[in-house]
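Encoded as structure tokens, the structure appears first; notes follow it.
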Amino acid sequence: MTEVMSNLYQIMVILYAISIMFYFVDYFYKKEIIRRTAFWLVSIVWILQTAFIVLSVLETKRFPILSLSEGIYFYAWLLVTLSIFLHCIARTDLPVFFINILGFIFMTIRLFAPNNLNPVLKTMESEMLFIHIGFAILSYAAFSLSFVFSVLYLILYHLLKKKKHTKLWSRLPSLSQMATWMNYSIIIGLPIMVISLLLGLESAFMKVEGAISFFDAKIIGSFIVLVIYVAIIMLKQRGIITGLSFAWTQVYAYFVVLINFFLGSKLSQFHLWY
């Protein structure tokens, strides 16, 4: 990473932290100017993130998505994009705040992630591979959204059950709205993940010499994630899990996503991210 890009990244992290601080202060004081300041700071972070991606493309002559560090950065960029989208379209305050906290966590994790590329990369690099990884991270972003709404659903459910009248009441969507968004997030994420897995297997078979073991940790982990979310959506459609149980299953499923994202890549024999 060049000195310019390193300094740019530090500025992004600082501005992101300040914006989250403003969102936190807005929770207590509920001032329009504070909320607007937080939003515009996040917007500036998104612009800088996009500029960072452009500089990376110019430096590496490819879309920066092939190492674990680059994957985490793209994932954080997607989370910031989602937070801006929700702010402009859905006008939801607390979901935006929680998504930005998640994005900030991954922005800081990226500082410690290895940026080296697997030697297999040279034989597998293709448009199909970029789409495979990009779609995988897009599905993770969709599952992250379902995780955030699940957590907020559990918070609101607790408030309603305890009959606690707090400022959270005015900042949270209704239970039915959050259940709908949880459902839509999974429905969007599932087909994207299926496409990613199909493209990944096809790319591996076409580009890598020798047979690919289906018992590879990353392949097994990805299919486990897929099966879990398919099971969740099927159980939801059949009315077996509803409301509280629907939210809890998505919270647990997201932890499986994170395990697969980090540990699965580390244990994989041929996957690119390690």
Side-chain angles (χ1 to χ4, degrees), residues 1-27 31-117 130 133-145 147-148 151 254 257-258 261-262 265 272-274:
M1 185 187 298
T2 64
E3 184 177 352
V4 173
M5 294 177 67
S6 178
N7 292 335
L8 180 60
Y9 199 88
Q10 293 177 25
I11 293 173
M12 283 189 290
V13 172
I14 293 172
L15 288 178
Y16 209 174
I18 295 173
S19 68
I20 291 175
M21 180 189 69
F22 272 97
Y23 273 119
F24 183 75
V25 172
D26 175 59
Y27 164 71
K31 298 290 185 179
E32 182 66 23
I33 188 171
I34 298 177
R35 189 182 307 113
R36 286 183 177 273
T37 302
F39 170 72
W40 285 113
L41 284 174
V42 169
S43 300
I44 293 173
V45 169
W46 183 86
I47 293 172
L48 294 178
Q49 282 182 319
T50 306
F52 189 90
I53 292 175
V54 173
L55 290 174
S56 297
V57 170
L58 295 176
E59 181 182 4
T60 61
K61 308 301 180 184
R62 60 173 175 79
F63 191 79
I65 202 177
L66 298 181
S67 69
L68 179 59
S69 175
E70 293 171 349
I72 291 174
Y73 182 83
F74 182 62
Y75 177 58
W77 178 83
L78 285 174
L79 292 177
V80 175
T81 304
L82 282 173
S83 74
I84 293 175
F85 175 80
L86 285 176
H87 178 94
C88 296
I89 304 300
R91 297 292 180 180
T92 54
D93 295 330
L94 275 179
V96 170
F97 176 60
F98 274 77
I99 291 172
N100 277 311
I101 289 178
L102 198 60
F104 180 76
I105 289 173
F106 279 93
M107 281 284 288
T108 53
I109 289 176
R110 188 259 178 193
L111 294 171
F112 306 99
N115 198 35
N116 54 304
L117 302 181
F130 284 102
I133 298 176
F135 271 44
I137 300 176
L138 278 171
S139 67
Y140 292 160
F143 297 149
S144 302
L145 202 57
F147 167 75
V148 168
V151 171
Y254 182 70
V257 170
L258 293 181
F261 188 82
F262 292 104
S265 299
L272 304 180
W273 292 349
Y274 69 82

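Counting non-hydrogen atoms of neighbouring residues, nucleotides and ligands closer than 6.0 angstrom, the CD1 atom of Ile33 reaches no more than 12 such neighbours.
Pairing each heavy atom of Val45 with each of Met12, the nearest pair is CG2-O, 3.9 Å. Between Phe143 and Tyr254, the shortest heavy-atom contact is O-CD1, 3.9 Å. Residues Phe22 and Ile34 come closest through the heavy atom pair O-CG2, 3.2 Å. The shortest non-hydrogen separation linking Tyr16 to Ile99 is OH-O, 4.5 Å. Closest non-hydrogen pair, Met107 versus Tyr9, comes out as O-OH, 2.6 Å. For Ser83 against Val42, the heavy-atom pair with the smallest separation is OG-CG1, 3.8 Å.
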Test log, rule side-chain contact (heavy atoms from CB on, under 4.5 Å), inputs Tyr73 and Ile65: CA-CA 8 Å; Tyr73 182 83; Ile65 202 177; over 6 Å; no
Criterion side-chain contact (heavy atoms from CB on, under 4.5 Å) on Phe74 and Ile133, from CA distance to verdict: CA-CA 10 Å; Phe74 182 62; Ile133 298 176; over 6 Å; no
side-chain contact (heavy atoms from CB on, under 4.5 Å) assessment of Leu145 paired with Leu86: CA-CA 10 Å; Leu145 202 57; Leu86 285 176; 3.8 Å; yes
side-chain contact (heavy atoms from CB on, under 4.5 Å) evaluation trace for Ser144 with Leu79: CA-CA 8 Å; Ser144 302; Leu79 292 177; 3.9 Å; yes
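Applying the ring-ring contact (aromatic ring centres under 6.0 Å, His included) rule to Phe135 yields no partners; only residues at least two apart in sequence or on another chain are considered. Residues forming a ring-ring contact (aromatic ring centres under 6.0 Å, His included) with Phe39 (at least two apart in sequence, or on another chain): His87.
Residues Tyr75 and Tyr140 keep their aromatic ring centres 6.0 Å or farther apart.
Between Phe24 and Phe97, the angle of the ring planes lies from 30° to 60°, which puts this pair in the tilted group.
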Throw together a table of side-chain donor-acceptor distances under 3.5 angstrom for residues 47-56, partners on residues two or more places apart or in other chains.
unit_1 : atom_1 : unit_2 : atom_2 : d
Thr50  : OG1    : Trp46  : O      : 2.8
Thr50  : OG1    : Trp77  : NE1    : 3.1
Ser56  : OG     : Phe52  : O      : 2.9

